[in-house]
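The model shown is predicted, which means the values in this text are computed figures rather than measured ones. Sequential numbering from 1 along the given sequence is applied to the chain's residues.
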Amino acid sequence: MNARGGKDRDRHVVRELVGAHGQTFAEEAGIKLTDTPQPLYRLLVLSHLLSARISGSIAVATARALHEAGLRNPRRMAEADWQERVDALGRGGYRRYDERTATQLGDGAELLTKRWGGDLRRLRKEADGKAGELRHLLQEFPGVGPSGADIFLREAQGVWPEAAPYLDRKALDGAERLNLPKDPDRLVELAGNTEPAVLAAALVRAAIDKEVAEDTLRRAG
């Protein structure tokens, strides 16, 4: 039991959080996530963008801009010249890191093509069902790092269930802000039928945006 009313209170808070703020970042970026090469690659790019010290809304807008520029698969990303990538990043508002990120995206696309045939499902197969190994392999992409790998697995756990439930430190920071338990299994239990990826995204939104947390607590009464 916690001071705010125990499990019933916690379940109510989670329900209000997910109901109002449960959109995944992939959905916000227009990515219909399936276990197929192009959506997975687009999620990798989005995870890279979100992991930088830049607002989530700019990262999402930039992921959309890259897609609209046709840079939606590793072959096309690798074939584009550096300036084309810089320009697409700029159109999304991703100007602070555009030059470095343009290089990293090109290098990452080449790595994915050469090592895994342009298909992240082959990376998944190499990890052999181990979430920790998935996290390790994802960090081999330039610019992804631990934060980017966590973002990818939070969002991908619906189609890569071996990673679920994936509630990383950022998601658990959101739980703490809402005075919810910081145990992933308990949070999943409180969320009922909610997909773990949706729960994770909602908790992260509470962690990074104080207004989301305040709105949720206000809705929960």
Side-chain angles (χ1 to χ4, degrees), residues 18 20-113 118-121 123 138 141-145 147-160 166 168 170-171 195 197-209 211-212:
V18 169
H21 305 287
Q23 184 183 37
T24 67
F25 290 91
E27 289 172 339
E28 187 179 352
I31 302 169
K32 185 176 182 180
L33 195 57
T34 58
D35 188 28
T36 53
Q38 184 170 299
L40 289 171
Y41 177 67
R42 291 183 64 199
L43 175 60
L44 179 66
V45 171
L46 174 63
S47 300
H48 181 164
L49 299 173
L50 283 167
S51 66
R53 295 180 181 275
I54 201 162
S55 77
S57 60
I58 290 176
V60 166
T62 302
R64 286 181 173 273
L66 288 166
H67 178 75
E68 290 165 2
L71 307 181
R72 61 192 66 168
N73 61 60
R75 178 190 59 79
R76 182 67 183 86
M77 185 70 79
E79 289 177 351
D81 64 37
W82 179 81
Q83 190 61 52
E84 186 177 354
R85 293 192 294 266
V86 168
D87 291 344
L89 290 164
R91 286 194 293 274
Y94 207 86
R95 296 184 179 88
R96 184 177 176 187
Y97 304 103
D98 55 351
E99 296 185 358
R100 182 180 67 184
T101 301
T103 299
Q104 291 172 336
L105 288 174
D107 292 345
E110 289 184 6
L111 172 65
L112 179 55
T113 300
D119 189 345
L120 283 163
R121 294 175 301 180
L123 177 150
L138 287 164
F141 291 101
V144 173
S147 177
D150 285 338
I151 293 166
F152 183 94
L153 292 172
R154 283 198 316 253
E155 297 276 315
Q157 62 186 307
V159 295
W160 288 6
Y166 200 90
D168 66 334
K170 182 65 72 174
E195 294 181 8
V198 173
L199 171 63
L203 288 168
V204 168
R205 291 181 187 278
I208 63 179
D209 188 342
E211 291 184 3
V212 168

Please report the interatomic distance [atom1]([X]) to [atom2]([Y]), rounded to the nearest 0.5 Å.
| X | Y | atom1 | atom2 | value |
| --- | --- | --- | --- | --- |
| L33 | E27 | CG | CD | 9.0 Å |
| I58 | Y97 | CD1 | OH | 10.5 Å |
| D35 | D119 | CG | CG | 8.0 Å |
| Y166 | L153 | OH | CG | 5.0 Å |
| I54 | L49 | CD1 | CG | 8.5 Å |
| L112 | D107 | CG | CG | 12.5 Å |

Assess whether a salt bridge exists between E79 and R75, defined as any Lys/Arg side-chain N lying under 4.0 Å from an Asp/Glu carboxylate O. yes
So V144 and F152, side chain to side chain contact (heavy atoms under 4.5 Å, CB included) or not? Walk me through it. CA-CA 9 Å; V144 173; F152 183 94; over 6 Å; no
Nearest heavy-atom pair of [X] and [Y]: which atoms, and what distance?
| X | Y | value |
| --- | --- | --- |
| I31 | P39 | CG2-O, 3.9 Å |
| A202 | G22 | CB-CA, 4.0 Å |
| A149 | L138 | CB-CB, 4.0 Å |
| E155 | A197 | O-CB, 3.9 Å |
| G148 | S47 | O-CB, 3.5 Å |
| A69 | R76 | O-NH2, 4.1 Å |

Count the heavy atoms of every other residue, nucleotide or ligand shown that sit under 6.0 Å from CD of Q83, and state whether that count exceeds 12. yes
Over 12 non-hydrogen atoms of neighbours within 6.0 angstrom of CD in E28: yes
Is there a side-chain contact between [X] and [Y] in this structure, where contact means two heavy atoms from C-beta onward sitting under 4.5 Å apart?
| X | Y | value |
| --- | --- | --- |
| S51 | I151 | yes |
| P37 | R121 | yes |
| Y94 | L66 | no |

Side chain of R72, backbone of H67: donor and acceptor closer than 3.5 Å? yes
Backbone N or O of G90 within a donor-acceptor pair of the R95 side chain at under 3.5 Å? yes
Quick one, R154 with K170, criterion side chain to side chain contact (heavy atoms under 4.5 Å, CB included). Give me CA distance, side-chain angles, the key distance, then yes/no. CA-CA 10 Å; R154 283 198 316 253; K170 182 65 72 174; 4.0 Å; yes
Would R205 pass as a cation-pi partner of F25, given that its NZ or CZ must be under 6.0 Å from the six-membered ring centre and within 45 degrees of the axis? yes
Given W82, which of D87, L105, T103 fulfils the side-chain contact (heavy atoms from CB on, under 4.5 Å) condition? T103
